[in-house]
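Structure, as structure tokens:
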Amino acid sequence: MAIEDQENTIREIKPKNRRIMGAGGPEEEDNRQPPWLKPLLQEKFFGHCKFHVDSHKSECNMYCLDCINGPLCSLCVAHHKGHHTIQIRRSSYHDVIRVNEIQKHIDISGIQTYVINSAKVIFLNERPQPRPGKGVTNTCKVCYRSLVDDSFRFCSLGCKIAGSSRGFEKGRKNLVMESDDSSSSIGIGKNIQSFSPSTPPLTASSHCRIAKRRKGIPHRSPMG
């Protein structure tokens with residue numbers, strides 16, 4: 001009984017910040033997003049809970065948006081009543097979350113959705129892709145993964161956060177400017193080369209001189 005009381009004391013944590021629903025604010029950049037977002041994307045889920053190791057429900061696939069205290073198992077979540085909690089699922093060894101759960105807490109427009117087990121989901125983080133598929137016309141604006149629908153701009157929640165940051169947009173603008181400067185330099189080089197004298201064309205007089213230039217009759221050396 002004492003052990004159970006100790007567990008309750010450990011896992012029943014008061015929320016760090018109850019203002020999780022407001023994605024905006026007077027602060028710049030990071031404060032435009034809820035405080036739980038970046039920690040959520042960095043967590044490793046589906047490990048075993050160290051407080052309920054012997055339970056068959058010890059898999060940590062839950063997360064409390066109020067406490068932001070790491071992955072939780074279903075037994076730990078029981079001590080977070082009244083908090084905003086979400087469940088993480090897996091698809092092809094990658095973490096996903098159902099659209100109807102996450103869209104209550106953050107804007108997910110522009111993120112590619114998939115249907116898994118009859119439910120729409122989005123991926124939490126980008127997934128490596130060696131090369132885009134053939135005939136692909138739309139790719140993620142951050143990692144360039146193929147997207148199946150032109151109405152989407154990002155392949156995951158993590159890519160949307162990265163692509164929506166001011167630093168990312170500034171970097172893209174600088175890249176475009178550098179590309180334009182390189183193109184301009186190449187054009188200037190071509191114009192400079194066009195002013196250099198070209199090989200003069202072959203005239204009729206020069207052709208006659210070449211035609212008259214014949215070898216003489218060969219003479220055999222005298223025999224000794």
In residues 110-124, what donor-acceptor pairs under 3.5 Å come from side-chain atoms, sequence neighbours left out?
from, atom 1, to, atom 2, distance (Å)
Q112, OE1, V148, N, 3.1
Y114, OH, R127, NH2, 3.1

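Rounded to the nearest 0.5 Å, atoms CG (D54) and NE2 (H56) are 12.5 Å apart. Considering SG of C60 and CZ of F46, their distance stands at 10.0 Å, rounded to 0.5 Å. To the nearest 0.5 angstrom, I86 atom CD1 is 4.5 Å from I102 atom CD1. Atom CZ of R145 is separated from atom SG of C155 by 6.5 Å, given to the nearest 0.5 angstrom. Distance check, rounded to the nearest 0.5 Å: NE2 of H52 to OG of S58 gives 9.5 Å. Distance check: L72 CG to C49 SG gives 8.0 Å after rounding to the nearest 0.5 Å.
H80 and T85 are not linked by any side-chain donor-acceptor pair at a separation below 3.5 angstrom, with hydrogens and angles left out of the test.
Residues C67 and C64 come closest through the heavy atom pair N-SG, 3.4 Å. Scanning both residues, E101 and H105, for their nearest heavy atoms gives O-CD2, 3.3 Å. Minimum heavy-atom separation, K57 to S74: CB-OG, 3.3 Å. The nearest pair of heavy atoms linking V77 to M62 is CG2-CB, 3.4 Å.
At a threshold of 4.5 Å between side-chain heavy atoms, the hydrophobic network of Ile, Leu, Val, Met, Phe, Trp and Tyr places I106 and I68 in one connected group. No path of Ile, Leu, Val, Met, Phe, Trp and Tyr side chains, each step under 4.5 Å between heavy atoms, connects I161 with V96, placing them in separate hydrophobic clusters. Under the 4.5 Å side-chain heavy-atom criterion for grouping Ile, Leu, Val, Met, Phe, Trp and Tyr, V99 is not connected to F152 through any hydrophobic cluster. The hydrophobic cluster containing L41 also contains W36, counting ILVMFWY residues as joined when their side-chain heavy atoms lie under 4.5 angstrom apart, directly or transitively.
Remark: the backbone N or O of D107 is paired with a side-chain donor or acceptor of K160 at under 3.5 angstrom. S156 places a side-chain N or O within donor-acceptor distance of the main-chain N or O of C159, the cut-off being under 3.5 Å. D66 places a side-chain N or O within 3.5 Å of a backbone atom of H84 that can act as its donor or acceptor partner.
The 12-atom threshold is exceeded at NE2 of H94, counting heavy atoms of other residues, nucleotides or ligands nearer than 6.0 Å.
For the side chain to side chain contact (heavy atoms under 4.5 Å, CB included) test, residues two or more places apart in sequence or in another chain that qualify with D150 are T137, N138. In terms of the side chain to side chain contact (heavy atoms under 4.5 Å, CB included) criterion, residue partners of E43 (sequence neighbours excluded) are, by chain and number, F45, Y63, P71.
Salt bridge status for D95 with R89: absent, with no side-chain N to carboxylate O gap under 4.0 Å.
Screening N125, L37, I97 for a side-chain contact (heavy atoms from CB on, under 4.5 Å) involving L157 leaves a single residue, L37.
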